[in-house]
Amino acid sequence: MTEKYIIKGGTPLKGEVSIGGAKNSVLKLMAAAILAKGETTIYNVPDLTDVDIMLSVIAQLGAKTEYNKEEKSITIDATEITSITARYELVSKMRASFVVLGALVSRCKEAIVALPGGCAIGERRVDFHIKGLEALGAKIKIENGYVHAKVPKLKGAEIYLDIPSVGATENLMLASVLAEGSTTIQNAAQEPEIVDLANFLNTMGADVNGAGTSEIVINGVHPDKLHGIEYTTIPDRIEAGTFMSAIIATRGKGLIKNVFPAHLTFFTNKLLKMGANIKLIEPNSLEVSCKNRLQSINFVTQPYPGFPTDLQSMAMTLLTVSDGVGIITESLYENRFMQVPELRRMGADIHQDRNHAIIKGVKKLTGATLAASDLRAGAALVVAALMADGSSTIENLHHIDRGYENFENKIRLLGGKIERRNEEDSSSVNLPEGTHNESYL
Ligand code: EPU
């Protein structure tokens, strides 16, 4: 069923919001759970469609899975793995599931995993994943859209990544946990989700060192050393950054709870430079507020600890109404400015030239009918609609549902005027202010 948001902008968001578990961590922890015979329970699991897809992938491999949505926990019993194939029907729905490749090769010495294919935000190749597995001794064939990896015994190796790819670092960590000898990943990704995966693996009995730096060393262990565990996922820094943006955009004041502030240092510093107020209240709580018009800034998206590409669209939304001209350079993806045409429809003044965007701040945005093109572009449109004059409709919510748990409920708790509606019950929306029935808001 096609669903959409109806949002009436202009209300400052106020109150408290609690951040859920990190999507980009939990998906990889689920893949890691298949390395050990035994039962693993992961806590702080966000209720997202991407988590449901990953659960189907893991179940298809023969592991027993149980998802307790109320407790926010997933239990995976990977004592038996009965299939080495991750099918296209699932992998094409969510690229992150490609990470089962490393775990399967590690555990079963063979894996057949569908290549994820294209993606709205960029080409997103997996060549580093493949080259790294080859360096560990796997023979790789690409046939009929699938990667077929086979190896009698994985052997530790020195691997250098051309780009600190998050997915390649994770796949290679998973592949080398049970390899013979030691593996070094040079120019490894340093994201907090990598550290979370390393902590998870070490709790399981693996020997992973250096996660969070550019050099990760994995000393292979015997399979008998790995065992099922209980583990709690880190908070979602991108969800936290999205709510920080929404509160600031609407000139509100709110407490962001269950956040690891250190994971957002670069982003927070940029917001402070723009004129927002951000205070550490407790180790895991940030108070965020904004009274005056923000000042424009420039930034370049970079791998962690640089400015996160996943918050680029949120920051662009803030720049659309800031004082001055801001320049964004997107250095990770070829096509991550999909929010631009939609923001322009709301009155934003944005000039885009390849991976550069020049944003001249206007006084205000006005509500419009908008379409989410991908997860983060969609969330940025929600932020834009919350601060705009008048009502907006945002279509294609399935993109947003991939990465934001209870999004509209959390926004409503902060006082935001947002409703989820089915395509069928669309009464009058998006007419000029005052001409339509707003009773639903
Ligand atoms: N790249 C290659 N070859 C490879 C791997 C990557 O050329 O073999 C390129 C990609 O095309 C891209 C760049 O390297 O241009 C970075 O890609 P990376 O592998 O680091 O990203 P990812 O693992 O595919 C994860 C997150 C993304 C986030 C990026 C960067 C998950 C599930 N996804 O993707 O999150 O943008 O890291 O931080 O962890 C999102 O949550 O909305 C999202 C897209």
Side-chain angles (χ1 to χ4, degrees), residues 20-87 89-91 93-114 149-151 154 167 170-179 193-194 196-208 218 220-234 405:
K23 165 181 87 81
N24 289 347
S25 199
V26 81
L27 299 172
K28 325 303 168 61
L29 303 186
M30 290 166 75
I34 68 170
L35 283 173
K37 292 186 176 167
E39 204 175 87
T40 286
T41 301
I42 306 170
Y43 298 103
N44 201 24
V45 175
D47 185 4
L48 305 169
T49 49
D50 273 11
V51 169
D52 294 328
I53 296 169
M54 195 60 160
L55 210 57
S56 304
V57 174
I58 304 284
Q60 202 185 60
L61 301 177
K64 292 198 185 87
T65 62
E66 205 183 303
Y67 189 178
N68 186 333
K69 291 203 175 190
E70 234 144 71
E71 259 188 21
K72 294 185 177 294
S73 71
I74 283 181
T75 300
I76 296 170
D77 182 345
T79 305
E80 304 280 348
I81 294 293
T82 54
S83 164
I84 52 158
T85 305
R87 302 189 62 77
E89 293 71 28
L90 289 171
V91 179
K93 281 191 192 157
M94 188 191 62
R95 323 177 41 86
S97 55
F98 190 67
V99 85
V100 295
L101 177 64
L104 276 175
V105 178
S106 210
R107 168 91 191 253
C108 308
K109 312 283 175 279
E110 187 173 3
I112 304 173
V113 177
K150 206 170 173 180
V151 65
L154 288 162
E170 292 163 339
N171 237 335
L172 298 172
M173 281 165 78
L174 295 175
S176 52
V177 158
L178 299 174
E193 294 76 21
I194 301 282
D196 208 28
L197 178 60
N199 289 340
F200 180 94
L201 291 170
N202 287 339
T203 312
M204 245 184 174
D207 185 0
V208 181
I218 304 112
V221 298
H222 190 275
D224 291 348
K225 282 208 78 177
L226 297 191
H227 49 83
I229 57 167
E230 295 195 10
Y231 192 86
T232 302
T233 319
I234 57 168
E405 172 186 47

| request: Give the minimum heavy-atom separation between Ser83 and Leu104, together with the two atoms involved. | output: O-CD2, 4.1 Å
| task | Using modelled atom types only, decide if a donor and an acceptor are shared between the side chain of Thr79 and the backbone of Lys37 within a distance under 3.5 Å. | result | no
| said: Ignoring hydrogens, what is the shortest heavy-atom contact between Ile218 and Ser176? Give both atom names and the distance. | reply: CD1-OG, 3.4 Å
| Nearest atoms (heavy-atom pairs only) where Ala198 meets Val208 | CB-CG1, 3.8 Å
For residues 40-48, please give each side-chain donor-acceptor pair under 3.5 Å, one per line with the distance, not counting sequence neighbours.
unit_1, atom_1, unit_2, atom_2, d
Thr40, OG1, Ile229, N, 3.2
Thr41, OG1, Thr75, OG1, 3.0
Tyr43, OH, Glu230, OE1, 3.2
Asn44, ND2, Thr233, O, 3.0
Asp47, OD1, Lys69, NZ, 3.0

| task | Would you give the length of the straight line joining atom CZ of Arg87 to atom CD1 of Ile112, rounded to the nearest 0.5 angstrom? | result | 10.0 Å
| Which heavy atom in Leu226 sits nearest to a heavy atom in Ala206, and how many Å separate them? | CD2-N, 3.5 Å
| said: To check you understand the geometry: which heavy-atom pair defines the closest contact between His227 and Lys225, and what is its length? | reply: CD2-O, 3.4 Å
| task | List in chain and number order the residues that pass side-chain contact (heavy atoms from CB on, under 4.5 Å) with Ala63, two or more places apart in sequence or in another chain; answer none if no residue qualifies. | result | Ile58, Ile76, Ala78, Ile81
| From Tyr67 OH over to Asp52 CG, what is the distance, rounded to the nearest 0.5 angstrom? | 6.0 Å
| request: For Ser97, check side-chain contact (heavy atoms from CB on, under 4.5 Å) against everything at least two apart and list the hits. | output: Met54, Val57, Val91, Met94
| message | Quick check: do Leu174 and Val100 have side-chain heavy atoms less than 4.5 Å from each other? | response | no
| remark: The salt bridge (Lys or Arg N to Asp or Glu O under 4.0 Å) partners of Glu70 (sequence neighbours excluded) come to none
| field | Rounded distance [0.5 Å steps], OG1 in Thr85 versus CD in Glu110 | value | 8.0 Å
| message | Using the rule given for side chain to side chain contact (heavy atoms under 4.5 Å, CB included), can you reason through Asn199 versus Ile234, listing the C-alpha separation, both sets of side-chain angles and the distance that settles it, and then say yes or no? | response | CA-CA 11 Å; Asn199 289 340; Ile234 57 168; over 6 Å; no
Which atom pairs, donor and acceptor, lie under 3.5 Å between side-chain atoms of residues 21-34 and protein residues at least two apart or in another chain?
unit_1, atom_1, unit_2, atom_2, d
Ser25, OG, Asp196, OD2, 2.6
Lys28, NZ, Asn24, O, 3.3
Lys28, NZ, Glu170, OE1, 2.6
Lys28, NZ, Glu170, OE2, 3.3

| task | Please collect all salt bridge (charged side-chain N to carboxylate O under 4.0 Å, His left out) contacts where either partner lies in residues 72-82, sequence neighbours excluded, each pair once. | result | Lys72-Glu405
| note | Separation between NZ (Lys150) and NZ (Lys109), nearest 0.5 Å, reads 13.0 Å
| message | Return the CG to OG1 distance between Leu61 and Thr82, rounded to the nearest 0.5 Å. | response | 7.5 Å
| Distance, nearest 0.5 Å, that separates CG of Leu201 from CG of Leu197 | 4.5 Å
